[in-house]
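Lettering follows sequence order; numbering is per chain, from 1.
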Number of protein chains: 2
Amino acid sequence: MGASKVEIHTETHILISEIAKVLSHPARVAILEYIAKQENCICGDIVDEIGLSQPTISQHLQVIRNAGLLKGNFEGKRLCYCLDVARFKEFQQVLNQFFNHTSAQCC
Amino acid sequence: MGASKVEIHTETHILISEIAKVLSHPARVAILEYIAKQENCICGDIVDEIGLSQPTISQHLQVIRNAGLLKGNFEGKRLCYCLDVARFKEFQQVLNQFFNHTSAQCC
DNA sequence: TCTTATTATCGTAATATTGCAATATTAATT
DNA sequence: AATTAATATTGCAATATTACGATAATAAGA
């Protein structure tokens, strides 16, 4: 089918899977790292950096944006992307809670 | 296309995305939590627990197994699954390294 | 206003994922 | 060996994802 049976899962499990989904493509991992690394949030050359076409990068950015990880700023001429660090750390915490809680319970 | 352009990405980015991919479906998150929770690794009723068909669960288990997160034991009659906690914690560490490294660099 | 540069969207093709019924395999028990 | 129970595999259909060319939208500067 390809469609997930979302209704049988808990909110927490869905949240974890949605966070993981953002990181489940190497291009998105690279983009996140890149926009964090850039001083003054100078962006726009993600395309050159990653090696995928502009529409493809834009598509990946949308996934990242939909997850709430992107802050857009105008700095002079270009639309500048910036990582929403607070949200990013929220994601880390949710995953850590899952990891800790799960491994603590194991035999 | 649907196929990822793996050759343009770094080993680290691919590793992170592969770890995330395991967690990118709520059923797999639920399965991991469940097999960790079970005392004495009593398994086999994952199907009842999750609410998906046996072949579908088996398929998700394969993804988890291929990631190296599953240890199979024989305990009496049934094939018992157990979480490989060491590997699981390895995954956590890789993700945490990415999160820490990335958010530390951000503006 | 007309370029020009940047980013987003559309359309489309290829591949991947999810899900299950049917079937096969495996291992313990009779 | 035959039966039974548990798990894996196969085959298929539906949907999702990835990727890019073409095009549209947006905004700054001439």
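Rounded to 10°, the angle separating the first-five-pair axis and the last-five-pair axis of the helix from dT1(C)-dA30(D) to dT30(C)-dA1(D) equals 10°.
The side-chain hydrogen bond (donor to acceptor under 3.5 Å, both in side chains) check on Ser53(B) picks up Thr56(B), with sequence neighbours excluded. Remark: Asn66(A) pairs with no residue by the side-chain hydrogen bond (donor to acceptor under 3.5 Å, both in side chains) rule, at least two apart or across chains.
Residues from residues 48-61 of chain B that place a heavy atom under 4.0 Å from any atom of DNA chain C, listed by number: Leu52(B), Ser53(B), Pro55(B), Thr56(B), Gln59(B), His60(B). Within residues 16-31 of chain B, the residues that have a heavy atom under 4.0 Å from DNA chain C are, in order of number, Lys21(B), His25(B), Arg28(B).
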Begin from the C-alpha positions of Ile14(B) and Glu18(B) and carry the test side chain to side chain contact (heavy atoms under 4.5 Å, CB included) through to its verdict. CA-CA 6 Å; Ile14(B) 292 171; Glu18(B) 280 172 352; 3.6 Å; yes
Candidate pair Tyr81(A) and Gln38(A), rule side chain to side chain contact (heavy atoms under 4.5 Å, CB included), full reasoning: CA-CA 10 Å; Tyr81(A) 297 114; Gln38(A) 289 312 100; over 6 Å; no
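Here CD of Glu49(A) is found 10.5 Å from CD1 of Ile8(B). Values are rounded to the nearest 0.5 Å. Atom CG of residue Leu83(B) and atom NZ of residue Lys37(B) lie 13.0 Å apart, to the nearest 0.5 angstrom.
Other residues, nucleotides and ligands contribute at most 12 non-hydrogen atoms within 6.0 Å of the CD atom of Gln93(B).
If you measure from atom CD of Gln62(B) to atom C1' of dG19(C), you get 15 Å, rounded to the nearest angstrom. Whole-Å rounding puts the Asn66(B) CG to dA16(C) C1' distance at 15 Å. Atom CD1 in Ile64(B) sits about 14 Å away from atom P in dT7(D), given to the nearest Å. Separating the CD1 atom of Ile14(A) from the P atom of dT18(C) is a distance of 14 Å, rounded to the nearest angstrom.
Not one side-chain nitrogen or oxygen of Tyr81(A) sits closer than 4.0 Å to the OP1 or OP2 atom of dT6(C).
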Contacts table for residues 20-33 of chain B: side-chain donor-acceptor under 3.5 angstrom, sequence neighbours left out:
| from | atom 1 | to | atom 2 | distance (Å) |
| --- | --- | --- | --- | --- |
| Ser24(B) | OG | Lys21(B) | O | 2.7 |
| His25(B) | ND1 | Ala27(B) | N | 3.0 |
| His25(B) | NE2 | Ser4(A) | OG | 3.1 |
| Arg28(B) | NE | Val22(B) | O | 2.9 |
| Arg28(B) | NH1 | His60(B) | ND1 | 3.0 |
| Arg28(B) | NH2 | Lys21(B) | O | 3.0 |
| Glu33(B) | OE1 | His13(A) | NE2 | 2.9 |

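By the 30° and 60° cut-offs, the orientation of the rings of Phe98(B) relative to Phe88(A) is perpendicular.
Using a 4.5 Å cut-off between side-chain heavy atoms of Ile, Leu, Val, Met, Phe, Trp and Tyr, with links allowed through other members, Phe91(B) and Val94(A) fall into the same hydrophobic cluster.
In this structure, Ile19(B) and Glu90(B) have side chains that are not in contact, with every pair of non-hydrogen atoms separated by 4.5 Å or more.
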